[in-house]
Each structure stands twice: as structure tokens, then as C-alpha cells.
Number of protein chains: 4
Amino acid sequence: MAKSSSTKSREENGAPRGRKGDRADEIVTAAFEEFTVKGYAGTRLEDVASRAKVSKGLPYLYFKTKEELFKAVVRSVLTPAFDEMRELMLASDLPSEDFLKGPFLAFLQDLVKSRRMLIARLLISEGHKHPELTRFYYDHVVSKGIAALRAFIDRGVERGELKPTGLHDFPQLLVAPALMAVTWRSCSRPMPISTPMSF
Amino acid sequence: MAKSSSTKSREENGAPRGRKGDRADEIVTAAFEEFTVKGYAGTRLEDVASRAKVSKGLPYLYFKTKEELFKAVVRSVLTPAFDEMRELMLASDLPSEDFLKGPFLAFLQDLVKSRRMLIARLLISEGHKHPELTRFYYDHVVSKGIAALRAFIDRGVERGELKPTGLHDFPQLLVAPALMAVTWRSCSRPMPISTPMSF
Amino acid sequence: MAKSSSTKSREENGAPRGRKGDRADEIVTAAFEEFTVKGYAGTRLEDVASRAKVSKGLPYLYFKTKEELFKAVVRSVLTPAFDEMRELMLASDLPSEDFLKGPFLAFLQDLVKSRRMLIARLLISEGHKHPELTRFYYDHVVSKGIAALRAFIDRGVERGELKPTGLHDFPQLLVAPALMAVTWRSCSRPMPISTPMSF
Amino acid sequence: MAKSSSTKSREENGAPRGRKGDRADEIVTAAFEEFTVKGYAGTRLEDVASRAKVSKGLPYLYFKTKEELFKAVVRSVLTPAFDEMRELMLASDLPSEDFLKGPFLAFLQDLVKSRRMLIARLLISEGHKHPELTRFYYDHVVSKGIAALRAFIDRGVERGELKPTGLHDFPQLLVAPALMAVTWRSCSRPMPISTPMSF
DNA sequence: GATGAATGAGGATTCATTCAT
DNA sequence: GATGAATGAATCCTCATTCAT
């Protein structure tokens, strides 16, 4: 998340860069940490500001409201994560199972280890309060990820590398273990992330 | 929650309000609905009260604080759900796969259809703010459910009905689809709950 | 205080007797203890009720409001205390100084030792919120006590036993040490009550 | 309280509101007035705020809780009062009786006339709810005042100006008349403060 | 008379947001 | 642009008081 805007997302969140380290980015980063730890309602903008080492009023210069900041946080994590996954799916030409057990698993494990998956908990807990956000991201980001997964599955089936199963209809099951790991962990018990196989 | 008032008051029908009133139950039910819809912080006790058709102050007569009420809600949903599951696992002697595809799947589908699984979202989103609650329920309720699942798997393996897989180590994967369904749905997209097959 | 209504104050506070121990008295006694410890605002009628071993609603059967109960408490302590003092002043014919150093000092010391003087703190802290009470008691009870003290002083002066001093004008100084002792003690430091002499 | 803002803001005149605003001082002053009139429990922070002409929330910016504000009030009155007294005792070299009947009496009379002595009533009525406050002030402020009084008395005795009496043991009796005056007045009846003589 | 469940006004406290500097 | 003092709506919780039983 830290480097989310390093690629291309400069102007969409209206952040000025400034050579001494994008304040907006620092605020978003701090907000991410606060939000994932305390939840939306539990996060005080003042704490976000302190964590970002800026004054209490500054976040309002970049983000009109707390909700806008929240959306910026989701944006800054989700978009890169799904972009990465899509790139990954297209970049390899390994046999399906090898790919799943190799790079894809590694990707999921990284995801789970990184704090970025915590965004999942945020979406689960707060998503319904921000329906446009949820819908927007579902429609523009998540659905693309799912499409990529589905395309991957279909290709594997075509090649005879995968059995045609219900997976085509619910490709999200491929990432279910990662989600499971995160939700499970969030309920205080670590659960090792194993292969998404046996599917 | 389901059967909390089993002690002396009216049954499932809208019987006359008892004198001593299982108002506590009505409050817990109302609170469950508010909490699942609005989250912990977003729920106003006053709304819980109105929903339960009682005065603003009454919830405090039964639950010292908002947190106590929250705990009571979790308790009232979680305990019966896990008890039910354990009973189910012990009650049947069908071949493992038949059981999983039959009664067990039906149970999960019921669970997902019922609003009770919404408690999962609550635990995911708010659990970390109530660590003792989480730990208590993990230790006393969840772990028993997991043990039951594991026993079931082991029995199936012994009988040669199931292949020995990593499932023994993470039996919670058996309910993962249900959890997936709920979390997915909570992000605004319905996802049919299918068989926990391929297991 | 305990036995305040044993003498003559039965009907004025509307208390029924009932052979098994005047409930009203028990409530007043309990209230006295709560009020002196917690102050007026800090006292919960529910705690008064528990202390008196009666139900939460009972005090309202005897005392229309919390304030009425408070007044009853003041009444039950002040009246007997001043009555006692007046009787004392009239009962003796010792030389003035002997009387002051003997029975009168003993009386003050008893007063201070007893919990009854705590009523002073109540009047100091809460008196201004109950002006009619204060005025009534000043006019009907306190002023009689002062008059008795003044009469005693004047008699002593007439007899040549006491020097004519400002004491005539502020006879309350005779009890000042007792008041001092109580107020001082209430600020957490015990102060022995010595002779009201050297006056 | 009197000179609390001695650091950098306007003096006794209604000078322009400073930018950084010694709002804290204004709030403490307003709180002092509310507390002395209404008591601790009876004071609504909202009223304090209005009296100080600030918003409801501002007091919480300076004082975490109502209790902290209360402590600040006590501090702001007590400390200067006792400091003043100690300075007074050391500053003069008049014969003991002249000092008592002159500057010291004047000091007490001023004290009683000023509203500062009302703090005494606060301590009497609310002190027991704030034991650390009471103890702290006793140990650090009051006891020093008493020590100064005792030193003064002893010096007088050494010089043969005062008779050795119990006063050495309870020097607080020197201020008893002032305390008496205040407590008495608080019970609605003014009592002139006369000489602390006859001691 | 007694009980204790129920009511609801009232007050402490928090925090998103604004704005003068 | 930055700052942080100030605002005030919102919400938890308490408790005097009422009332059905």
C-alpha cells in the first residue's frame, strides 16, 4: 500500500506530490493502518493525523471527509492488488496446476502475509455502509479479477489440465483460502495458508 | 438467541407478553439485528430499544453496557449454532460423503439462509475489540465444533470413505464455503452456496 | 437519629408505625448514611432502599421525592440534637466554667463522636439548594439553640463567672470547635476535639 | 485563580482576547463560580462553558474530565491563598498580637470577603470524593500553611508575647473564625468576621 | 401496602469538521 | 499551504420517578 501511488494513481486522488514525500500518501498509509486496526467508526482522524505526523487539520485539505479518506484507502490497496493478480495470470504459461501450486500460491501467501489483505476485513465490516464504493469496486476491479480467474480456469479446462467443475461458476473459491486465512486470523487464531488445491 | 427464552415464556408464537417479561430476549434479538446491519459502533442503543419496543433505558437494566449486550448477542447465536452442528455430526451414521452432501450441506445452507451466520461478520469486524469474548468463544465453543469436524473426518478416513488430506489439520475448511458465502454476500454480491464438494 | 421518631415526630412525616419496625425510620436512617457519605446528588434512592432492606419503590410511599426524604433526614437529626442541647443548658446549675468544661464539653464530644454531626456537612454542602429547609431550620431550630447559648452566656456574665465578650453576639463560637472538628475531619485529617475554652 | 494567567496574557483589565487564549483560565474561573454555587454534581459542564462564553466541548480540550477541571479549580484557588498567607507570616516583624490584630486579621477578612474562601465549602462537601486531591493538598499546601502558623505561634511564645496554649497543637484554630464565617454564611446566615482574638 | 420492571429526561464525553491565524 | 483551537451534534449511560401486578 505504501507505494500505491508510485505507479500511476497520482491525480485520481487529488494529491499533490511535493518532493518531500507525498503528504496525501502518508495520510492514506496512516489511515490504512488505523482503519484496519480500529475499524471505520473506531478510527479518529486525529490519530490518523498524528500517525502521519501532520496536523489535525491537514487530512481535510486532501480529503473532504472521513468517508473520502476511507475510500481513498480502499482504492489504494484494492486496485494494485487486483492489478497485480491479473498481470500474474497473464504473465505465465505454466501448466495450470503448476501455476496454481507455484506462482499463484506464492502470490496468495504473500498477500496473506502482507497487511494488505486486511482490507478484506474492512470491506466485510464496513462495505455495506459505503454501497457506491462497494459497487464501484465490485464492478470495476473485483469483477475483472474474477474474470481473469475464470479465464484462467477455462483455459486450463480447454487444455485438459483441469477438470470442469463448479469452479467456473465461482472462481472466487480459488482465493477463498486466502480470505479464510485472513478472516480466521482476525478471529484471533492463525491458520496456515495451504494450497488452494484439492479443488 | 433462537431458544433463549426456553425457560418459562411464550414459544415461537406471539403469545401474550409475560409479566416478568423475557424482555432481555427481545432486546437481544433487536440488538442482533441492529448490530449485524450497522456494526458495533454504528448501533445506537436507543435504536435497539425502539426496535425492541422498549424504552431507551431498559436495555441497561439487563445489560450493564453496550459491550455486555454485544457479548450477549454473540453468545445467544454462537452457542446454539455450534451445539446444533455437533449434535448433527454425532446423530448420523451415513457414509461420510452421503452425510456431507446430504444433511451437512443442508445444515450449512440453512445456516447461510438464516440470518444467524451474520454473526460471522460481526466477529470478523468487531472481534478484535473484544478479545476476551473472542478467546472465550474460540476456546469453549468454536474449538469444540472444530473437534467434532475433525472427529468426523478421521472416522471417514478410517472407514476408507475419505482420502486422508490436509483437511484433518484444517477442518474448518468444511465450513469455509458457508463463511465465504456470507462474507461475499456482505460485500453486496450474492453467491450461491454450493456443495462443499470436491472435498 | 435512629430513634428520632420514638419521641413525638410520628405523624409529621406521615410515617405509619407498624409493629415490625417503622419502615419510614429505617429508610430515613439508611438515607442519612448514604447522604452523609455520598452527598445529596451522589445518593441513589435505590441504594438507600437496599441499605434499608426494602424494595426500590418503597421510599416513594413515604416520601414523595428525594428532596422530601432529604428534609426528613435533616429533620430527624437536627431537631433532637438541638432539643438535647437546650435541655442540657437548662438542666444544670453548675458554675458557668464548670458547666462548659464538664457536661457541655462532654456533650460536644459525644456529638462529634456520634455520626450525627455529619449532618453539618450536609447542610454546608447542600443547604443552599434547599433554601426553605435551611431557613425553616434556622428559624425554628437553630435560632433557639443559639438563644439558649446566649442566655447561658448572659447568665454567666451576670453572675460574674464569665467576662463580657463578643461571645454574646456570636454564641455559635461555643460550638465552633465541634464544627471545626467535623469539617476538618471531613477533609481527611482527624483533629482532636479539645475544650471549647480559652474562650 | 486570581493570578493564574500571570504568564503572558492580559492583566486584570478586559484586554483583548489573546490568540492562544488563556481560555483555560477563563474556564477555570467559570467553573469555580459554578462549582461553588451548585456543588460538584450539580454543575453541568455545559453551564461552565456558557459562563466562560465558549462552546460545550472546549472545556474537554483543556481538562480531560469534569473531575480534572474540579481539581484545577481547587488548585488555582488554594495554592495562591496559602502562598499568600505564608508570605504574610514571614514578611512582618510586628509584635505577635499587633500582627494578629492587624495584618493577619485583615488578611482573613479579605479572604472571607473574597469568594475564594468558598473553596472551603467545596472541599468540605466534595473532598471525600477526591481523596488523592484532598491528600495532595493537605500534604503539599495545607500542612505548609499550618507549619507557618505554628512557627509564628512558637516565635510569639518564645518572645513572651503569647501564652503557651493548645494553639501550638492546633494552629488551624487561628483561621477557624474565617472558616466558621464561611460555613455559617453558607447556611444562609451572614456572620460578621470578628477578631480571631480572645485567643 | 410492597415490589421491581419500565420509563425518559438529563448530563458527561467524543470527535468529525471548520476556520482564524 | 499548515496548524491546532474551537465548535456542536451525537451517543452512552444514570437515576428519579411511575405503575402494573
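Naming: A, B, ... by sequence-line order, numbering from 1 per chain.
Proximity of Phe70(B) to Leu122(B): side-chain heavy atoms (C-beta onward) are separated by under 4.5 Å at one or more points. No side-chain heavy atom of Leu45(A) sits less than 4.5 Å from a side-chain heavy atom of Lys56(A). Residues Leu78(B) and Leu123(B) form a side-chain contact, since some pair of their non-hydrogen atoms from C-beta on lies under 4.5 Å apart. Inter-residue side-chain proximity for Ser55(B) and Leu58(B) is flagged as met; some heavy-atom pair is nearer than 4.5 Å. Contact annotation: the side chain of Arg75(C) approaches that of Tyr137(C) to within less than 4.5 Å [non-hydrogen atoms, C-beta and beyond]. Here the side chains of Glu68(C) and Thr65(C) are in contact, with some heavy-atom distance below 4.5 Å.
Using the six-membered ring where Trp is involved, Phe35(C) and Tyr40(C) have ring planes that are parallel, under 30° apart on the 30 and 60° scheme.
Rounding to whole angstrom units, CG of residue Leu58(D) and C1' of dC15(E) are separated by 14 Å. The nearest whole Å value for the distance from the NZ atom in Lys66(D) to the P atom in dC12(F) is 21 Å. Rounding to whole angstrom units, OH of residue Tyr62(A) and C1' of dG1(F) are separated by 8 Å. Atom CZ of Arg23(D) is separated from atom C1' of dT7(F) by 11 Å (rounded to the nearest Å). Distance CD (Glu26(B)) to P (dA5(E)): 15 Å, rounded to an integer number of Å. Rounded to an integer number of Å, the gap from CD1 of Ile27(D) to C1' of dA6(F) is 10 Å. Look at CG on Leu61(B): it is 14 Å from P on dG8(E), rounded to the nearest Å. The nearest whole Å value for the distance from the CD atom in Glu68(A) to the P atom in dA16(E) is 15 Å.
Mapping Lys64(B) and Lys53(A) onto DNA chain F by nearest heavy atom places Lys53(A) at the nucleotide closer to the 5' end. Residues Ser55(B) and Gly57(A) each lie close to DNA chain E; by heavy-atom proximity, the contact nearer the 5' end of the strand is made by Ser55(B). The nearest heavy atom of DNA chain F to Tyr60(B) and to Tyr60(C) marks one nucleotide each, and the one closer to the 5' end goes with Tyr60(B).
The stretch residues 34-51 of chain A has no heavy atom under 4.0 angstrom from DNA chain F at all.
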Pairing annotation in dot-bracket form, given for DNA chain F with Watson-Crick or G-U pairs under 3.5 Å and | for cross-strand partners: .||||||||||||||||||||
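Salt bridge Lys53(B)/Glu26(B): absent, no basic N to carboxylate O contact under 4.0 Å.
Residue-to-nucleotide contacts include no donor-acceptor pair under 3.5 Å from the side chain of Lys56(D) to the base of dG11(E).
Listed by chain and residue number, nothing satisfies the salt bridge (Lys or Arg N to Asp or Glu O under 4.0 Å) test with Arg115(D) (two or more places apart in sequence, or in another chain).
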